Amino acid sequence: MGLKDNLLRLSDYVYVLSENTVKGQRVPVYFYLSDKLFEHLEEDAIRQAANAATLPGVEKAIYVMPDVHVGYGFPVGGVMGVNTDEGVISPGSIGYDINCGVRLIATHLSEERIKPIRQELMKEILSKVPAGVGSTGRLKLSKEQLKEVAIKGARWAVEHGFGLEEDLLHIESSGTLANADPDKVSNFAYERGSEELGTVGSGNHFVEVQTVDEIYDEQIAKRLGLGKGQITIMVHSGSRGFGHQVCVDYLKVAKDALEKYRIEIPDMQLACMPFKSKEGQDYFKAMNAAANYAFANRQILGFITADVIRRFLGISWEELGYRVIYDLAHNIGKIEKYTIDGKDKELLIHRKGATRAFPPYNPDVPPAYRDIGQPVLIPGDVGRYSFLLVGTHKSMEISFGSACHGAGRLMSRTKAKEYVKREGIEKVLEGLVVVARGKGTVMEEVPQAYKDVTEVVRVVHELGIAKLVARFKPLGTLKG
DNA sequence: ATGTGC
């Protein structure tokens, strides 16, 4: 008898773990899954979500997206809203990769032009765009310079020649989060971050050249300037060692503060501090600083990748038609307002492997997209489709304005490596163009190691928390 | 995710 047996199926895509199923559980936990994805649901992921439901100040419900898997303390794919007056902030429930996120860039190029030369083009991207664990970029920034990055985010990158002013109009929070304080970030984080700005990283992070492969909503796609056979660039990356160190530093602060604030938690990995406490505010300000680093990172990566393509083809920026469609986080904590039981409340929404999906006419949706809803970007894994959706009103009712973020692992990294060694890399990656400096990450990230992102996105669409607009097929992928 | 793993 595990927790999975306690899940109640409410409808085709909704399961609930009622409140008080586990000791101290304050709110129910909703799982958004198809029958197929329910089979993959791990007992430990349920346990982690239920544990989070015991945290002080947690409101309404914990929501778990269809791409759920076990994480550090809180499951990847989890959404938690905590009252900013009485509640806590939990670094582990935001994740080690603060502002891990996705950027989508449109071009005027056509699939016919790129497909025949994709192998050579990807080699060029490999030689110019740094990727991999510990990889360093073309920038080496002093602590003072990084402090500026931490305050300005994507704006810093634009001011230093990486992109256009108008790019900023098409990024979540304009690519600059206001509540950042660079003085709350440790010297070690500045050391680790000094040479990593403008680098991809490892794991499922990538830079990809894609083609628009399928349109689900003609009207919205047209508004976004997207049509079949059009070339796009997608960037999936985060705050690298800088954000990682912020998380490490404040997990320690949180553990040390548990006794001081008399917080009892069922799992040390959920170490947290009152949001309004000095420790909580320090972490929040450091987290926003790291999130700004990540916005700057994707701004640089997207722009230099576009520039490599432009130079490779020997064309002008005008002919390339570089245009940022959107950029947003899927590992972050944000202050948002919700009405719960008729009361207006301010919540700190923890999204860990979950993407904001705000509806049309929400003031946080950029003016350019106000009437169609906020773009939601779902990166595929190697060789798999990626997706563009838009947020809906329903997400505000049943998921704190959130949707999924990707696919989620099926095989462990070790298992994936064994599988690739058994089958052979050529057979596993049949027909895919994947470039990387080393083989290790590619072996760990083969498509077979992941759940099917198409199924994940289908659940989100059917449930109505985001609406499908377009699908993107990879022509070439740069991995770490 | 991560100057990757007890």
Side-chain angles (χ1 to χ4, degrees), chain A residues 45 48 65 67-78 90-103 130-137 139-141 146 185-207 235-252 268-269 286-287 289-291 293-295 297-298 301 328-333 350-355 379 381-382 404-418 436-445 449-450 478-480:
Chain A
Q48 291 184 329
M65 297 299 132
D67 46 343
V68 58
H69 59 100
V70 173
Y72 180 88
F74 191 55
V76 177
S90 155
S93 305
I94 287 166
Y96 274 98
D97 190 3
I98 295 165
N99 190 1
C100 181
V102 189
R103 166 171 299 221
V133 174
S135 59
T136 53
L139 299 166
K140 183 168 167 59
L141 301 180
L146 277 179
V185 174
S186 70
N187 282 329
F188 192 29
Y190 283 110
E191 276 174 38
R192 288 186 67 182
S194 70
E195 293 184 83
E196 289 187 337
L197 199 63
T199 67
V200 179
S202 184
N204 62 356
H205 288 173
F206 62 75
V207 165
V235 177
H236 181 199
S237 189
S239 49
R240 310 287 283 105
F242 187 80
H244 184 269
Q245 194 57 42
V246 167
C247 184
V248 168
D249 291 339
Y250 282 94
L251 276 168
K252 187 176 183 325
M268 272 310 268
Q269 295 186 352
M287 182 212 68
Y293 183 104
F295 278 134
N297 191 34
R298 290 193 295 273
L301 282 170
L328 79 175
H330 50 230
N331 274 12
I332 202 159
H350 297 65
R351 291 192 184 90
K352 181 179 178 182
T355 311
D381 306 290
V382 172
C404 63
H405 89 300
R409 275 199 169 274
L410 209 52
M411 286 181 209
S412 70
R413 290 178 171 184
T414 318
K415 267 195 163 177
K417 271 185 184 166
E418 284 167 10
R437 282 180 180 76
K439 257 189 178 172
T441 301
V442 178
M443 285 169 66
E444 290 167 1
E445 301 296 319
Y450 281 85
L478 168 67
K479 295 293 292 181

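Nothing here was measured: the structure is a model prediction, and the numbers come from that model. Just so it is clear: chains get the letters A, B, ... in the order the sequence lines come, proteins before strands, and each one is counted from 1. No hydrogens, no waters, no symmetry mates; every other heavy atom, side chains included, goes into these values.
- At whole-Å resolution of the value, CD in Gln245(A) and P in dT4(B) are 13 Å apart.
- Rounded to a whole Å, the CD1 atom of Ile98(A) is 12 Å from the C1' atom of dT2(B).
- Nearest-nucleotide positions on DNA chain B place His205(A) closer to the 5' end than the other of His205(A) and Val133(A).
- Remark: Lys439(A) pairs with no residue by the salt bridge (Lys or Arg N to Asp or Glu O under 4.0 Å) rule, at least two apart or across chains.
- In this structure, Lys352(A) places its NZ atom 14 Å from C1' of dT2(B), rounding to the nearest Å.
- Each of Lys417(A), Lys479(A), Arg409(A), Lys415(A) was evaluated against Glu444(A); a single residue qualifies, Lys417(A), per the salt bridge (charged side-chain N to carboxylate O under 4.0 Å, His left out) test.
- For Arg240(A) against dT4(B), no side-chain N or O and base N or O form a donor-acceptor pair under 3.5 Å.
- Atom-to-atom, CG of Leu251(A) to P of dT2(B) comes out at 16 Å; the value is rounded to the nearest Å.
- Not counting sequence neighbours, the partners of His236(A) by the ring pair (Phe, Tyr, Trp, His ring centres under 6.0 Å) test are His205(A), Phe206(A), His330(A).
- If you check every strand for non-hydrogen atoms under 4.0 Å, Gly203(A) touches sugar and phosphate atoms only.
- One can place OH of Tyr72(A) at 13 Å from C1' of dT2(B), the figure rounded to the nearest angstrom.
- Side-chain polar atoms of Asp249(A) and Gln245(A) form a donor-acceptor pair below 3.5 angstrom.
- Here dT4(B) presents its P atom at 16 Å from CD of Glu445(A), a figure rounded to the nearest Å.
- Rounded to an integer number of Å, the gap from NZ of Lys439(A) to P of dT4(B) is 22 Å.
- Note on Gly238(A): nothing from the nucleic acid sits closer than 4.0 angstrom, heavy atoms only.
- With rounding to whole Å, Glu444(A) atom CD is found 12 Å from dT4(B) atom P.
- Residue Glu196(A) is in sugar-phosphate contact alone, with no base atom involved, counting any heavy-atom pair closer than 4.0 Å across all strands shown.
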